[in-house]
Amino acid sequence: MIKKQLFLYGSGRNRLPFLNYLASITGKARPNICFVPTASGDDKDYIISFYEVCKQLDVQPCVLPVWINSYDQKETFAERIDQMDAIVVGGGNTLNMLAIWKAQGIDVLLRKAYDKGVVMAGGSAGSLCWSNGGTTDSRPAELSIVEGLKFIDKSHCPHYNSEPTRRPLYHNNILSKKLSDGYACDDQSGIHFINGTVHKAVSLDQENHSYYVYQRNGEITEERLKSEIIN
């Protein structure tokens, strides 16, 4: 049976422990890891930071840019994704990212790769995209709901401890059934799923946690997941 793996964490920053954990769960000695910075508009500094972190790891890094032209980039999206052991998606504008992926057919390619055992990961927009939905700051004026790719049929909330409006809004949306039950991650915490089920929660310290959030008897219940500290 193919092992389908997701690794979601709260912040979109390229943190060494998270990338190290991602590399470890591929099961490869020197895995090919591709950074997808679509949500940030292929921000150059973001890409540089990814490569800088990867210099400290035994991995083969690359990037999947979407702001390209046919003259400069000869390798197709499919050809690049097919070479990967893991895909890590950066933070930024979730709504725009998903729209671009759909227009380019990247969403379909990612699903095929996931089904073949390529590990999918990311934080912020890069974690929200794999869920069935959550709240995003991708639209003007206020946080709103965005539908994800549904690699797991649960909702998701990143930045659970760092943005004051996220937590109560997530609770209200679950109570009103605008969102399903789901998983929330503090900025420095993450959840590793195998075949749609929680395998392990991890954290960079004792203050950051991940939660299963659901409605019971008309009230919100938060179940804190027991985390392994990684560094």
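Keep in mind that the numbers below use all heavy atoms, side chains included, and drop hydrogens, waters and symmetry copies. Small disclaimer: the values here were computed from a predicted structure and weren't measured.
- Applying the 6.0 Å contact sphere to CZ of R13 captures no more than 12 heavy atoms from other residues, nucleotides or ligands.
- Here the closest non-hydrogen pair linking L179 and G134 is CD2-N, 3.7 Å.
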Without placing hydrogens or testing angles, list every side-chain donor-acceptor pair under 3.5 Å for residues 210-218, not counting sequence neighbours.
{"unit_1": "S210", "atom_1": "OG", "unit_2": "S189", "atom_2": "OG", "d": "3.1"}
{"unit_1": "Y212", "atom_1": "OH", "unit_2": "D181", "atom_2": "OD2", "d": "2.4"}
{"unit_1": "Y214", "atom_1": "OH", "unit_2": "E223", "atom_2": "OE2", "d": "2.6"}

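- Between the side chains of Q60 and Q83, no donor N or O sits under 3.5 Å from an acceptor N or O.
- Taking the six-membered ring where the residue is Trp, F18 and Y9 present parallel rings, their angle staying beneath 30° rather than reaching 60°.
- Between D107 and K102, none of the side-chain N atoms (NZ, or NE/NH1/NH2) sits under 4.0 Å from a carboxylate O, so this pair counts as no salt bridge.
- The side chain to side chain donor-acceptor pair (under 3.5 Å) search around Y160 returns H171, E222, not counting sequence neighbours.
- Linking ILVMFWY side-chain heavy atoms closer than 4.5 Å, directly or via other members, places L128 and I191 in a single hydrophobic cluster.
- Between V59 and A23, the closest heavy-atom pair is CG1-CB, 3.7 Å.
- Looking at V36 and I106, their side chains never come closer than 4.5 Å, going by heavy atoms from C-beta outward.
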Apply the test side-chain hydrogen bond (donor to acceptor under 3.5 Å, both in side chains) to residues S127 and H156: give CA-CA distance (whole Å), side-chain angles for both, the deciding distance (0.1 Å), then the verdict. CA-CA 8 Å; S127 58; H156 176 58; 2.9 Å; yes
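- Looking at heavy atoms from C-beta onward, Y114 lies out of side-chain contact with V119 at the 4.5 angstrom threshold.
- Between N195 and M1 there is a side-chain heavy-atom pair separated by less than 4.5 Å.
- Using modelled atom types, no side-chain atom of R80 and backbone atom of C34 make a donor-acceptor pair closer than 3.5 Å.
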side-chain contact (heavy atoms from CB on, under 4.5 Å) for F77 and Q104? Distances and angles first, verdict last. CA-CA 9 Å; F77 295 131; Q104 295 278 20; 3.5 Å; yes
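- Side chain to side chain, S11 and H159 fail the donor-acceptor criterion of an N or O pair below 3.5 Å.
- Listed for the N132 side chain is no donor-acceptor partner under 3.5 Å among the backbone atoms of G148.
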Set out, in order, the CA-CA distance, both residues' side-chain angles and the distance that settles side-chain contact (heavy atoms from CB on, under 4.5 Å) for I229 and L204, then state yes or no. CA-CA 5 Å; I229 305 299; L204 304 190; over 6 Å; no
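- Cluster annotation: W130 is connected to M97 through the hydrophobic network of ILVMFWY side chains, with a link wherever side-chain heavy atoms come within less than 4.5 Å.
- Dense packing is recorded around CG of D205, with more than 12 heavy atoms of other residues, nucleotides or ligands lying under 6.0 Å away.
- Across every non-hydrogen atom of L16 and V53, the tightest pair is CA-CG1, 3.7 Å.
- The backbone N or O of Q206 sits less than 3.5 Å from a side-chain atom of H209, completing a donor-acceptor pair.
- One hydrophobic cluster, built from ILVMFWY side chains closer than 4.5 Å, cannot hold both V198 and I25; they sit in different ones.
- Counting non-hydrogen atoms of other residues, nucleotides and ligands closer than 6.0 Å to CD of E219 gives a total of 12 or fewer.
- Residues F50 and L8 do not share a hydrophobic cluster, defined by chaining ILVMFWY side chains whose heavy atoms lie under 4.5 Å apart.
- Within the 4.5 Å cutoff, the side chain of Y21 has heavy atoms near those of the K200 side chain.
- Between T135 and R166, some side-chain heavy-atom pair lies under the 4.5 Å cut-off.
- Judged by distance alone, the side chains of N161 and N208 do bring a donor and an acceptor atom under 3.5 Å apart.
- In terms of modelled atom types and a separation under 3.5 Å, the side chain of D85 and the main chain of T26 share no donor-acceptor contact.
- No side-chain heavy atom of V118 sits under 4.5 Å from any side-chain heavy atom of Q5.
- Checked against the 6.0 Å centroid criterion, the rings of F151 and F193 do not qualify as a close aromatic pair.
- Follow the hydrophobic side-chain contacts under 4.5 Å out from Y51 and you reach L19 in the same cluster.
- Counting heavy atoms from C-beta outward, K150 and S131 have side chains that stay 4.5 Å or more apart.
- With hydrogens and angles disregarded, no donor-acceptor distance shorter than 3.5 Å links the side chain of D186 to the backbone of Q188.
- Side-chain contact between F35 and P37 is present, with at least one heavy-atom pair separated by less than 4.5 Å.
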